[in-house]
J.: 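The structure is given below, and queries will be raised subsequently.
Throughout, a chain's letter reflects where its sequence line sits, starting with A, and its residues are numbered from 1.
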Amino acid sequence: MQLYQDQELKIYNSLTGQKDIFKPINEGHIGMYVCGPTVYSNVHLGNVRTFMSFDVIFRYLKHLGYKVRYVRNITDAGHLENDADEGEDRIAKKARLEQIEPMEVVQRYTVDFHTILQKFNFLPPSIEPTATGHIIEQIEIIKEIMDKGLAYEVNGSVYFDVLKFNETNNYGKLSGRNIEDLIHNTRELSGQTEKRNPQDFALWKRAEPQHIMRWPSPWSDGFPGWHLECTAMSTKYLGEQFDIHGGGMDLKFPHHECEIAQAEACNGHSPVNYWMHANMLTLNGKKMAKSTGNNILPNEIFSGNNDILSKAFAPNVVRFFILQAHYRSILDFSNDALLASEKGFNKLMEAMNCLDQLETSGSSDFDVNKWKQDCYNAMNDDFNSPILIAQLFEAVKQINQIKDGKASITTEDLNTLKETMNAFVFEVLGLVDAVADKDDTDKLSGVVELLIRLRAEARANKDFATSDKIRDELLAMGIQLKDGKDGTSFSVS
RNA sequence: GGCACCGUGGCCGAGUGGCUAGGCAGAGGUCUGCAAAACCUUGUACAGCAGUUCGAAUCUGCUCGGUGCCUCCA
């Protein structure tokens with residue numbers, strides 16, 4: 001018996017525009033593909049938000065008992081800077097500017113990506129394939145599409161024939177566009193002489209002599225088009241049809257639309273049952289983007305070395321901040337919002353820490369089982385992490401009251417409470433209590449306990465000058481003493 | 001210009017036809033040597049205008065403001 005058999009999960013599906021009841025193709029198994037980063041510069045917080053949304057989705061699906069194959073690619077073949085023929089691959093450009101090999105660019109920023117995600121306590125995906133590792137598969141798909149008559153070659157480049165595809169299929173169904181609008185509203189771009197129509201997109205591009213990244217193909221020495229790698233890799237590892245495809249909202253059009261077109265052209269049916277799109281993280285009210293420079297890097301947040309924040313923030317606090325908003329809402333990043341999240345996060349962690357010291361009694365003032373199901377209901381409703389967090393704070397309130405002897409709980413209920421809190425806080429939301437090294441923590445505890453005893457003696461002797469000195473100076477060091485009914489405890493910030 | 005989306009109390013941010021979201025901040029109280037922490041109590045918010053309805057922040061229309069996509073981007 002798995003949890004998913006008791007919980008009805010609904011997912012907002014971009015394809016249908018509504019929350020659909022989730023039903024995997026193969027019971028108990030889920031295939032999920034998420035478009036990963038293009039590794040030509042450091043991953044910024046906006047990128048992180050999207051991947052974090054899917055990290056929590058991955059975690060919750062696993063928590064429900066599904067066997068999930070989660071594929072998140074690394075785009076290391078670059079993309080063209082624009083749609084024109086003279087466009088330059090971003091990775092190649094970076095390599096040229098820094099006078100290094102393109103693969104050095106890729107390696108550097110792939111390592112950065114992994115390091116940052118690790119700090120945020122991401123679970124690694126099941127498979128993390130690279131575009132350059134799947135050139136052959138991409139060429140095979142192009143051949144297939146050409147055989148179906150939906151692509152054409154011009155001067156060694158191959159383009160997808162969108163208008164012809166649209167005669168039998170519906171190009172634009174994901175992003176709600178129709179082909180006439182697209183035709184009438186296409187911007188004038190130079191250098192598109194090779195395409196039959198501006199809506200067509202490249203499957204293969206012939207490399208100019210100066211282009212560094214190139215592979216042989218039946219049409220030319222060149223490189224694959226912008227949208228093909230995801231079709232190739234998702235098909236290879238998840239099959240022609242799979243359950244969930246995710247990515248940032250900005251990829252909905254044209255990237256995901258083109259993926260659908262390629263897969264339908266190649267395999268004759270729609271590739272994905274549930275399309276999910278995470279919304280943008282904004283900074284100063286504008287989308288964060290590498291290309292515009294409106295962004296903040298995670299390491300700048302952790303170190304406090306930036307112009308936006310008043311202090312440094314721990315990865316966990318940032319994670320908590322992001323998860324306090326729903327993944328489909330735009331979230332604005334600011335100092336005030338982060339400060340508020342930090343306090344809330346600390347409050348949650350303090351409650352977690354005192355969970356083991358609670359005393360039980362013969363009755364409960366708190367309907368733990370109802371609360372537990374409310375937590376599930378929150379996540380079942382399109383992964384509503386802010387509602388879940390609100391529920392967690394309901395529990396925090398109860399925990400604090402029990403600790404103060406103002407409410408009671410039975411042993412059985414306390415066990416349920418502990419299990420559920422641990423499951424949602426650590427397993428599903430992926431938060432970690434940022435405690436330092438265990439050894440150091442024990443030593444620190446010993447030292448602070450000693451000071452607490454000295455202060456208690458001073459207070460007993462009405463030597464408040466000494467007792468307040470201990471309390472205030474510890475506070476200045478970030479150690480807060482808390483006087484309760486049965487003695488003094490402390491917390492480190 | 002086209003297509004979407006959004007506008008919630010001091011701040012962040014859920015909800016979306018009648019039922020307390022939650023966090024932070026603020027106010028009052030309990031506790032304390034004084035504090036802090038914790039706990040209790042406390043806020044009649046839904047851009048504006050008009051309409052539908054017994055009832056709208058939630059539906060419809062218009063107005064204003066903002067964002068995203070339409071070109072690589074999470």
J.: Only distances under 3.5 Å count here; give the side-chain donor-acceptor pairs of residues 325-338 of chain A to other protein atoms, sequence neighbours excluded, each with its distance to 0.1 Å.
T.:
unit_1, atom_1, unit_2, atom_2, d
A:His326, NE2, A:Asp382, OD2, 3.4
A:Tyr327, OH, A:Asp382, OD1, 2.7
A:Tyr327, OH, A:Asp382, OD2, 3.3
A:Arg328, NE, A:Asp382, OD2, 2.7
A:Arg328, NH2, A:Asp382, OD2, 3.0
A:Asp332, OD1, A:Thr282, OG1, 2.6
A:Asp332, OD1, A:Gly285, N, 3.2
A:Ser334, OG, A:Ala337, N, 3.3
A:Asn335, OD1, A:Ser310, N, 2.9
A:Asn335, OD1, A:Ser310, OG, 3.2
A:Asn335, ND2, A:Ser310, OG, 3.1

J.: Given that both distances must come in under 3.5 Å, which nucleotide forms a Watson-Crick or G-U wobble pair with B:A47?
T.: B:U63
J.: How far, in whole Å, is B:G1 from B:U63 if one measures between their P atoms?
T.: 13 Å
J.: When you match A:Gln401 and A:Tyr327 each to their closest nucleotide on RNA chain B, which lands nearer the 5' end?
T.: A:Tyr327
J.: At 4.0 Å (heavy atoms only), tell me whether A:Asp332 reaches a base, stays on the sugar-phosphate, or touches nothing.
T.: sugar-phosphate
J.: Nearest whole angstrom, please: distance from the P of B:A38 to the CD1 of A:Ile402.
T.: 16 Å
J.: Using the C1' atom as the point on both nucleotides, what is the distance between B:C49 and B:A14, in whole Å?
T.: 27 Å
J.: If the condition is salt bridge (Lys or Arg N to Asp or Glu O under 4.0 Å), which residues does A:Arg108 pass it with, not counting sequence neighbours?
T.: A:Glu98
J.: Under a 4.0 Å N-O cut-off, is there an ion pair linking A:Lys372 with A:Asp413?
T.: no
J.: In terms of ring plane angle, is the pair A:His211 and A:Phe223 parallel, tilted or perpendicular, where the classes change at 30° and 60°?
T.: parallel
J.: Please give, in whole Å, the distance from B:C70 C1' to A:Leu251 CG?
T.: 14 Å
J.: Reading nucleotides 27-32 of chain B from the 5' end, what letters show protein touch, with B for base, S for backbone sugar-phosphate only, - for no heavy atom under 4.0 Å?
T.: -----S
J.: Look at the side chain of A:His326 and decide which nucleotide, out of B:A14, B:G33, B:A74, has an atom nearest to it.
T.: B:A14
J.: How are the rings of A:Phe160 and A:Phe201 set to each other: parallel, tilted or perpendicular (split at 30° and 60°)?
T.: parallel
J.: How are the rings of A:His245 and A:Tyr33 set relative to one another: parallel (under 30°), tilted (30 to 60°) or perpendicular (over 60°)?
T.: tilted
J.: If we call it a pair only when both distances are under 3.5 Å in a Watson-Crick or G-U wobble match, what pairs with B:C72?
T.: none
J.: Nearest whole angstrom, please: distance from the P of B:C70 to the CG of A:Leu174.
T.: 14 Å
J.: Measuring from atom CG of A:Asn299 to atom OG1 of A:Thr115, what distance do you get when rounded to the nearest 0.5 angstrom?
T.: 8.5 Å
J.: A:Arg177 near the nucleic acid: base, sugar-phosphate alone, or nothing, with a heavy-atom cut-off under 4.0 Å?
T.: base
J.: Does A:Lys418 pair with A:Asp356 as a salt bridge, N-O distance under 4.0 Å?
T.: yes
J.: Base of B:G68, side chain of A:Asn279 - is there a donor-acceptor contact under 3.5 Å?
T.: no
J.: Between B:A74 and A:Phe51, is there a base-stacking contact, meaning the centre of the base's six-membered ring lies under 5.5 Å from the residue's ring centre while the planes stay under 30° apart?
T.: no
J.: According to side chain to side chain donor-acceptor pair (under 3.5 Å), who are the partners of A:Arg49, at least two apart in sequence or on a separate chain?
T.: none
J.: Measure from CG on A:Asp336 to C1' on B:G9 and round the result to the nearest Å.
T.: 16 Å
J.: Can you tell me the pairing partner of B:C54 across any strand shown, Watson-Crick or G-U wobble, with both distances under 3.5 angstrom?
T.: B:G18
J.: Identify whether any heavy atom of A:Ala278 sits under 4.0 Å from a base atom; if not, whether one sits that close to sugar-phosphate; answer base, sugar-phosphate or nothing.
T.: nothing
J.: Quantified in whole Å, what is the C1' atom distance between nucleotide B:G66 and nucleotide B:U71?
T.: 23 Å
J.: Check the pair A:Asn400, A:Gln398 against side chain to side chain donor-acceptor pair (under 3.5 Å), reporting the backbone distance first and the verdict last.
T.: CA-CA 5 Å; A:Asn400 286 332; A:Gln398 293 298 324; over 6 Å; no
J.: Round to the nearest Å and state the distance from A:Asn335 atom CG to B:G23 atom P.
T.: 21 Å
J.: Just say parallel, tilted or perpendicular for the rings of A:Tyr171 and A:Phe253, cut-offs at 30° and 60°.
T.: perpendicular
J.: Starting from C1' on B:C11, measure out to CZ on A:Phe333 and report it in whole angstrom.
T.: 15 Å
J.: Under 4.0 angstrom, heavy atoms only, what part of the nucleic acid is A:Gly247 near: base, sugar-phosphate, or nothing?
T.: sugar-phosphate
J.: Suppose you measure atom P in B:G10 against the same atom in B:A45; what distance do you get, rounded to whole Å?
T.: 10 Å
J.: Please tell me which of the listed nucleotides, B:G33, B:A14, B:A38, lies nearest to the side chain of A:Asp468?
T.: B:G33
J.: Using a heavy-atom cut-off of 4.0 Å across all strands, would you classify A:Phe393 as base, sugar-phosphate, or nothing?
T.: sugar-phosphate
J.: Rounding to an integer number of angstrom, what distance separates B:G28 and B:G43 when you compare their C1' atoms?
T.: 13 Å
J.: Using a heavy-atom cut-off of 4.0 Å across all strands, would you classify A:Lys397 as base, sugar-phosphate, or nothing?
T.: sugar-phosphate
J.: I need the CE-P distance between A:Met280 and B:A4, as an integer number of Å.
T.: 19 Å
J.: For A:His277, which contact category applies under a 4.0 Å heavy-atom criterion: base, sugar-phosphate, or nothing?
T.: nothing
J.: Rounding to an integer number of Å, can you tell me how far A:Lys252 NZ sits from B:U71 P?
T.: 16 Å
J.: Name the nucleic acid region contacted by A:Gly285, choosing base, sugar-phosphate or nothing; use a 4.0 angstrom heavy-atom cut-off, strictly under.
T.: sugar-phosphate
J.: Mind checking the P distance from B:U8 to B:A4? Whole angstroms is fine.
T.: 23 Å
J.: Could you work out which one of B:G22, B:A38, B:G68 sits closest to the side chain of A:Asp404?
T.: B:A38
J.: Check RNA chain B against residues 376-392 of chain A and give the residues with a non-hydrogen atom under 4.0 Å, in numerical order.
T.: A:Asn384, A:Pro386, A:Ile387, A:Ala390
J.: Can you tell me, in whole Å, how much space there is between the C1' of B:U60 and that of B:C11?
T.: 32 Å
J.: Name the closest nucleotide to the A:Ala340 side chain, picking from B:G33, B:G23, B:C73.
T.: B:G23
J.: Name the nucleic acid region contacted by A:Glu394, choosing base, sugar-phosphate or nothing; use a 4.0 angstrom heavy-atom cut-off, strictly under.
T.: sugar-phosphate
J.: Would you mind classifying the nucleic acid contact of A:Lys343 as base, sugar-phosphate or nothing, using non-hydrogen atoms under 4.0 angstrom?
T.: sugar-phosphate
J.: Applying a 4.0 Å non-hydrogen cut-off, can you work out what A:Ser491 is touching in the nucleic acid: base, sugar-phosphate, or nothing?
T.: nothing
J.: What nucleic acid atoms does A:Leu281 come within less than 4.0 Å of, heavy atoms only: base, sugar-phosphate, or nothing?
T.: base
J.: Do A:Arg471 side-chain and B:C34 base share a donor-acceptor contact under 3.5 Å?
T.: yes
J.: Indicate yes or no: does A:Asp463 engage A:Arg459 in a salt bridge with an N to O separation below 4.0 Å.
T.: no
J.: Write down the distance separating the P atoms in B:U58 and B:A47, rounded off to the nearest Å.
T.: 7 Å
J.: Could you work out, with ring pair (Phe, Tyr, Trp, His ring centres under 6.0 Å) as the rule, every residue matching A:Phe120, not counting sequence neighbours?
T.: A:Phe302
